[in-house]
Amino acid sequence: MKRAASLLLPLLLGLALLGLWEGVVAVRHIPPYVLPAPSAIARALIANFASLMLSLLSTLTVTLEGFAAALVAGVGLAIAFSQSRTLERMLYPYAVVLQVTPVVAIAPLILIWVGFERIDLALALIAALVAFFPILSNTTLGLKSADFHLIDLMRLYGASRWQILWRVRLPSALPYLLGAMKIAGGLSLIGAVVAEFVAGSGTATGLAWRIVEAGNRLEIATLFAALLLLALLGIALFAGFSLLEWALLRRWHESALRPQP
Amino acid sequence: MSLLALDRVAKRFDNGTEALKDLSFTVGQGEFVSLLGPSGCGKSTALRLIAGLASPDDGTLQWKDARPDLGFVFQEPTLMPWADALTNVRLPLDLQKIAHGEAEARAGNALARMGLASFARALPRELSGGMKMRVSIARALAARPRLLLMDEPFAALDEPSRQGLNDDLKRLAREDSITVIFVTHSVTEATYLSDRVLVMTPRPGRIKADIALPPGPRERLSPAFAQSQKRVADALLEPT
Ligand SMILES: Nc1ncnc2c1ncn2[C@@H]1O[C@H](COP(=O)(O)OP(=O)(O)OP(=O)(O)O)[C@@H](O)[C@H]1O
Ligand SMILES: [Mg+2]
């Protein structure tokens with residue numbers, strides 16, 4: 001009952017708001033280039049479905065490529081940090097600098113360096129830069145948060161650093177990593193969108209570019225349709241990572257446990 | 001010569017805390033020795049030194065031969081929460097590269113000896129505090145240590161579980177002729193288990209009394225036991 005309500009209530013609210021929107025647009029004769037009605041957005045979505053799907057695919061690809069690169073680099077560097085304090089002291093400040101610099105600001109530079117003929121690589125790189133830091137910092141923290149008694153125990157039995165890493169540190173870091181992946185998934189989507197905005201006309205083909213293009217042409221309904229797809233993409237990414245987290249942690253981790261009634 | 005001899009061992013921490021000073025004692029082969037002392041007197045520190053997890057700042061720690069194969073039971077169960085009981089117990093065997101089948105059998109056996117045969121596939125969170133402690137002890141025993149170091153392993157348990165585990169431990173140590181160094185706060189526990197009780201001073205810890213208890217089985221309610229217990233308690237309470 002409660003679960004049904006928690007699904008149904010937001011759904012009903014959403015439908016009510018859409019109805020209100022539709023009504024206000026109709027009654028007040030708001031022009032479609034200012035605020036299109038939901039029905040107009042739906043029509044635009046259907047009319048441009050094939051091309052919007054291609055754009056979605058393009059943005060999704062960039063997002064996932066960027067995310068994968070950030071994951072590999074972030075986890076790899078975190079592992080390196082866990083093995084060498086010196087390396088961590090040396091590199092971590094630069095990782096922070098990277099984090100606090102708004103990547104949007106270096107996006108044009110990256111586009112120029114990588115080149116517009118390899119635009120997808122440039123976009124993925126920007127997406128990766130945005131997603132990189134939370135993965136690095138959370139995994140670093142996670143690798144350090146392993147029960148030190150357990151690590152002592154491993155040492156006592158003659159375990160090598162790699163055995164300690166593999167058997168104790170990495171599993172202990174998993175909850176932190178999965179939490180970071182949820183954040184980083186959303187961030188790499190933002191990175192991809194920003195990168196497409198910066199890349200501008202003629203090169204990018206993703207949803208963000210469609211938004212710019214539709215805006216220029218005052219096709220506001222198409223703009224909304226692209227926006228809707230972007231939101232759905234973000235939700236799907238978040239849901240996917242939440243599902244992964246649940247699947248991997250539900251049996252043992254505190255975060256997934258609740259007292260049995 | 002005894003199995004292990006500590007001679008005027010001192011340990012200071014980076015923040016200046018002097019945990020141990022002039023700590024000297026010996027442990028004989030096959031002996032069950034308890035370390036008894038007030039909280040913070042350096043008992044855990046002493047165990048870590050013996051295990052080689054830390055090194056003394058002063059004094060020496062000498063083994064008869066090399067350091068024997070060790071088992072360590074921490075005050076907390078210290079299990080891998082993502083792994084079931086059997087996998088936890090198998091950990092030292094896996095690290096020693098013992099063949100999978102044999103490791104499985106030995107780990108299962110160790111669990112059975114701790115009365116947990118039917119919980120081999122249970123995750124730590126599905127076990128009670130006492131059961132987790134038994135898994136931790138099974139893990140230490142599965143590796144067949146010659147020397148078992150135990151840091152207040154039963155401190156958090158209720159009295160019946162504690163007495164049950166005391167009996168199990170005593171039996172297992174004798175059966176496998178394991179040398180045990182056992183840290184505890186409890187006078188009763190120390191008296192019940194040990195061949196010798198080493199009483200420590202407050203920090204910086206050193207031994208202030210070395211009490212050999214009469215050999216043979218102990219009856220918790222017997223007058224002889226009460227007498228031994230009083231000797232230990234008196235030594236602990238006596239001002240330094
Ligand atoms: N890593 C550390 N850094 C600084 N001081 C420490 C450290 N570990 C222990 N100490 C200090 O050393 C002293 C001895 O600690 P230890 O843990 O050995 O005591 P203990 O006898 O085991 O106490 P308890 O019975 O409460 O477990 C304490 O005063 C403690 O504060
Ligand atoms: Mg202690």
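So that the names make sense, note that chain A is the first sequence line, chain B the second, and so on, each numbered from 1. As a basis for the values below, the full set of heavy atoms in this structure was taken, side chains included, without hydrogen atoms, waters or symmetry mates.
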Which answer fits [X], side chain, backbone, both or neither, if we ask what part of it has an atom under 4.5 Å from a heavy atom of chain A?
X      : result
B:R48  : side chain
B:L70  : both
B:A143 : side chain
B:E126 : neither
B:L91  : side chain

Counting neighbours of [atom1] on [X] that are heavy atoms of other residues, nucleotides or ligands and sit closer than 6.0 Å, is the number greater than 12?
X     : atom1 : answer
A:Y92 : OH    : yes
B:R8  : CZ    : no
B:D14 : CG    : no
B:K21 : NZ    : no

*Taking all non-hydrogen atoms of both residues, which atom of B:F72 and which atom of A:L156 are closest, and how far apart?*
CB-CD2, 3.2 Å
Going from [atom1] on [X] to [atom2] on [Y], what distance comes out if it is rounded to the nearest 0.5 angstrom?
X      : Y      : atom1 : atom2 : value
A:R251 : B:L123 : CZ    : CG    : 4.5 Å
B:R125 : A:H253 : CZ    : NE2   : 12.0 Å
A:R167 : B:T87  : CZ    : OG1   : 9.5 Å
B:D69  : A:Y157 : CG    : OH    : 9.0 Å
B:N88  : A:L150 : CG    : CG    : 8.0 Å
B:F74  : A:D147 : CZ    : CG    : 8.0 Å

*Is chain B contacted by the side chain of A:S160, its backbone, both, or neither, given a heavy-atom distance below 4.5 Å?*
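When you check distances to chain B, no heavy atom of A:S160 falls under 4.5 Å.
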_Is there a side chain to side chain contact (heavy atoms under 4.5 Å, CB included) between A:Q163 and B:D94? Walk through the geometry before answering._
CA-CA 10 Å; A:Q163 282 173 315; B:D94 290 348; over 6 Å; no
*Please determine, among A:S172, A:G158, A:A146, the option with the most heavy-atom pairs under 4.5 Å with chain B.*
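Greatest number of close heavy-atom pairs with chain B: A:S172.
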